[in-house]
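Because the structure is predicted, anything quoted here is derived from the model rather than measured.
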Protein chains: 2
Amino acid sequence: MSRAIAAPPLPPRPARPPEIMVRRPSVTIKHVAADAGVSLQTVSRVINKEPNVRPQMAERVQASIDRLGYVPSISAQRMRGSRSYLILALNDRERTLADWRERQGADWVDQMMLGGMSKCAEHGYRLIVELVDTHSDHVERELSAALAALRPDGVILTPPHSENPVILAMLEAAHIRVARIGSLKPGPGFALTMDDERAAGLATDHLIELGHRAIGFIAGPAAYELSQWRIKGWQHAMQAAGLATDSFARGDFGYESGIAAAEALLDGPLMPSAIIASSDRMALATLEVARRRDLRVPEDLSVISFDDTPIVRFTHPPLTAVVQPIAEVSARAVERIIAGDGSDGEADRQPEAIPASLAVRSSTAPPRRA
Amino acid sequence: MSRAIAAPPLPPRPARPPEIMVRRPSVTIKHVAADAGVSLQTVSRVINKEPNVRPQMAERVQASIDRLGYVPSISAQRMRGSRSYLILALNDRERTLADWRERQGADWVDQMMLGGMSKCAEHGYRLIVELVDTHSDHVERELSAALAALRPDGVILTPPHSENPVILAMLEAAHIRVARIGSLKPGPGFALTMDDERAAGLATDHLIELGHRAIGFIAGPAAYELSQWRIKGWQHAMQAAGLATDSFARGDFGYESGIAAAEALLDGPLMPSAIIASSDRMALATLEVARRRDLRVPEDLSVISFDDTPIVRFTHPPLTAVVQPIAEVSARAVERIIAGDGSDGEADRQPEAIPASLAVRSSTAPPRRA
DNA sequence: ATGAAAGCGCTAACAA
DNA sequence: TTGTTAGCGCTTTCAT
């Protein structure tokens, strides 16, 4: 008999909170069942929109739910193995914190949140940004703590985590869906790229079309797989035009390294009339080096940034930049994870490429001596 | 007898994942207990570092934990009413998404994450950024879904949520610890401000000291309580110097509104020689209006921004700006929430003020006609 | 179509 | 100091 259900008294809310009010007394499925005069199962079925419930019955239960203000306990649901509706976005702690500290914004994270959170919201999911040190030896502890605490349904890896073997192994062992952004290496889950090679080619071609012959390239750190793709894109475009690829330097994406790299290029044997920098910071640095040497941009030196961050639009001149579709890629990653992609035994191993584009502004022009 | 514990077989990991591998077979407290030959409770005690466990015993259990790779199920722990170690940071969805879409960064959110996440990490907590529409009528649904899903130990409210009665009521009813940033009104939890009034005074005084007499002010929307404080700060400083406070306009923090406001001020009866804008966007707009009118900054017009965001340092000239200690305030909010502040029946009702400062750059100078 | 019973992994309360 | 007994809120059998 349904009325036989123990109808637990709704604990009266104390007028004054007791010594320590940790958890609020909450309405459980039992209260609803008692109130509606049905069994726990029926309530459970209504909550989960399962079949085999007469509409009339469902209505009655729903009424009780509404009246009592019942909200299912996610913890309890999850304990029974349900989804967590959480997706973890792993970002590089060091770099992100540094960006925030400099108070220059972290465009990458911003755009990830934009694309990821929006897409998540569409499906009742939630995106959680987590910062992790790739290089530290407690990645393992950090990540396992995060996984244990959050039990995410999926994880989105960004460079340089996308290639971190420790992280990949853990995720694979945990059978958690994985999206790897900016990685082409084989690994668990699926890979997504912004076609960095093509993007670098785009930038190079733009300069070549303007008439540049000596085009310098400042690469990112080798730890980032995509650094190599960008180099390749530049090299191939140059070679296709029969140009030399000697004007090359490497930075670490940061400003200081950009200063050094730009100086190296401009001091090099073939003084470039244009420089492509693999990050906004390094592009900014290039601008600064040009200024110090009284080189006007773009008249004496064209500069292209590889990040279309807020600041590159407010420099003088505003920089021509490769626009990376970070938001789109993140949205796509979320979409595929929710759809069930990225589980361990995937068939489709093709990395998906979301094309980058080039925003032409005022830092590129034909070379003087063309 | 401890050996009497049912020793559940560790489910063999299938060589090939079955049809749908949803949850991985996981090691539970039972496995550990069986393995170590102790009771569940003892394991529980070791996990929670409770007293009354002989070191030797603890060691043995720990060994089993390590060997089996046991990780406590947070869901189960939480179901027993433990803390969630989650703190929710509620931000304005509309504004934040707009900032991200414009790809100009959302300094506020960045700085919140910087301060909040860092402090959280110190205490084993996690900060989750949640976007909520203040104006929509489904705030209630959105928030209750978030609360149900995450069960955060505390919530940090930012303007304009800090003053949203619906949100405040819900949080109070749920007995969740609350930090209200940028609010002085009484309410649940504790309040934190950046002393906007004093900050506006600081900016005004700086201009007065430079010799300005006609100082215009572009206020933020009235929906933000802090808009009024800033107005007050300006008014008081002006009155203290015996100056008129007629050169006043209101915007909505956005660029377009800034254009209109700046034009209104410059077309007003007393043409100001300096303008304080209540947001970076409106300061940028003021710069643009000045440019259109061939007013040089700072020679013909001094401009002060009320946000020290990335872009105001890359404009020409770089803007003098009020630096809001968002990271510090967020860190403080997290700290107090973890400490147990912000529960309903708080005694200390004094808002805590974290002072803002002024970064003097090149957009302010003595007026020409001084 | 509905209900009863048996847990899920864990901890509080109470033995011993 | 350690173990045993009840559940927590929910879902999954399996009855009815």
Measure from CZ on R60(A) to P on dA1(C) and round the result to the nearest Å.
->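 Distance check: R60(A) CZ to dA1(C) P gives 16 Å.
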
Could you state the atom-to-atom distance from CD1 of I65(A) to P of dC10(D) in whole Å?
->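 After rounding, the gap between these two atoms is 10 Å.
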
Do NZ/NE/NH1/NH2 and the carboxylate oxygens of R180(A) and E163(A) come within less than 4.0 Å?
->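 No, no charged N to carboxylate O under 4.0 Å.
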
Under 4.0 Å between a Lys/Arg side-chain N and an Asp/Glu carboxylate O for E142(A) and R93(A)?
->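 Here E142(A) pairs with R93(A) in a salt bridge, since their nearest N and O are under 4.0 Å apart.
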
Cation over ring face, R336(B) and F190(B), 6.0 Å, 45° =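 Relative to the ring axis of F190(B), which defines the angle, R336(B) lies inside both limits.
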
Per-nucleotide protein contact along nucleotides 8-16 of chain C, 5' to 3', at a 4.0 Å heavy-atom cut-off (B base, S sugar-phosphate only, - neither), is BBBBBB---

Side-chain heavy-atom pair M112(B), V129(B) within 4.5 angstrom cut-off |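 In short, these two side chains do not touch, never coming nearer than 4.5 Å.
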
Closest heavy-atom contact between I337(B) and V155(B)?
->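 The pair with the smallest heavy-atom distance is CD1-O, 3.8 Å.
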
Please determine if a side-chain N or O atom of T42(B) lies less than 4.0 Å away from the OP1 or OP2 oxygen of dG3(D).
->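 So the side-chain polar atoms of T42(B) do come within 4.0 Å of the phosphate oxygens OP1 or OP2 of dG3(D), strictly under.
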
